[in-house]
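Read through the structure below, which is laid out as structure tokens, and then see the notes.
For the numbers below, each heavy atom of this structure counts, side chains included, while hydrogens, waters and symmetry mates do not.
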Amino acid sequence: MDVDLMENGTDKELEVFIKTEYIELDKLLKFCGFVSTGGEAKLFISSGDVYVDGEKELRRGRKIYPGCRVVFMDKSVVVKIASERMELK
């Protein structure tokens, strides 16, 4: 998979490093372990429980690019490009 996950010092914020141009919102929620299935992701997204950059997002296929912040329930995910992780090592 072209995605890597790193905790950012708190229980509530994660950093996700992608090697591709973007990751779709439903796939991001699954990758982070916030939901178990695509159907579960669809349900939460369509219910208005997910925010992208501070705005409610209702599209499960929304393209999430590096720099975007996704909030689901009480957890936050910041998407970054994989090369930024290399610089951290």
Side-chain angles (χ1 to χ4, degrees):
M1 181 169 244
D2 292 329
V3 183
D4 200 6
L5 182 66
M6 176 188 234
E7 291 189 22
N8 190 22
T10 71
D11 295 343
K12 297 185 179 189
E13 184 166 289
L14 299 173
E15 292 178 333
V16 172
F17 295 87
I18 61 174
K19 296 178 184 175
T20 56
E21 183 181 358
Y22 62 87
I23 183 170
E24 292 176 354
L25 181 57
D26 59 343
K27 291 176 179 55
L28 178 66
L29 296 180
K30 283 175 46 181
F31 178 77
C32 292
F34 297 160
V35 297
S36 300
T37 66
E40 190 177 9
K42 179 181 177 181
L43 177 67
F44 281 112
I45 294 166
S46 65
S47 296
D49 294 324
V50 181
Y51 292 80
V52 177
D53 294 333
E55 295 186 21
K56 188 180 293 189
E57 182 54 64
L58 301 174
R59 298 170 293 165
R60 71 177 190 197
R62 162 80 186 261
K63 295 176 182 176
I64 306 300
Y65 293 93
C68 288
R69 178 181 305 276
V70 176
V71 176
F72 175 72
M73 303 285 192
D74 63 342
K75 297 177 180 149
S76 177
V77 177
V78 177
V79 177
K80 297 186 174 188
I81 192 136
S83 61
E84 290 181 40
R85 180 158 188 196
M86 298 298 202
E87 293 169 8
L88 295 174
K89 289 185 177 183

Checklist entry - Mind checking what makes ring pair (Phe, Tyr, Trp, His ring centres under 6.0 Å) contact with Phe44, not counting sequence neighbours? => result Phe72
Checklist entry - Tell me, do Ile45 and Leu29 make a side-chain contact under 4.5 Å, heavy atoms counted? => result yes
Next on the checklist: Minimum heavy-atom separation for Ile81 and Pro66, please, with both atom names.
Outcome noted: N-CB, 3.9 Å
Next on the checklist: Would you say that Phe34 contacts Leu14 through its side chain, given a criterion of any heavy-atom pair below 4.5 Å between the two side chains?
Outcome noted: yes
Next on the checklist: So, using salt bridge (charged side-chain N to carboxylate O under 4.0 Å, His left out) as the criterion, who are the partners of Glu24 when residues are at least two apart?
Outcome noted: Lys27
Checklist entry - According to the side-chain hydrogen bond (donor to acceptor under 3.5 Å, both in side chains) rule, which pairs have a member within residues 57-72, sequence neighbours left out? => result Glu13-Arg69, Glu57-Arg59, Glu57-Arg62, Arg69-Ser76
Next on the checklist: Are Phe31 and Val79 connected into the same hydrophobic cluster when the rule is that any two of I, L, V, M, F, W, Y join if their side-chain heavy atoms are below 4.5 Å apart?
Outcome noted: yes
Item to check | Listed once per pair and sorted, the side-chain hydrogen bond (donor to acceptor under 3.5 Å, both in side chains) pairs that draw on residues 42-54, sequence neighbours left out | outcome: none
Checklist entry - Rounded to the nearest 0.5 Å, how far does CG of Asp26 lie from CG of Leu43? => result 13.0 Å
Item to check | Nearest-0.5 Å distance that lies between atom CD1 in Ile23 and atom SG in Cys68 | outcome: 11.5 Å
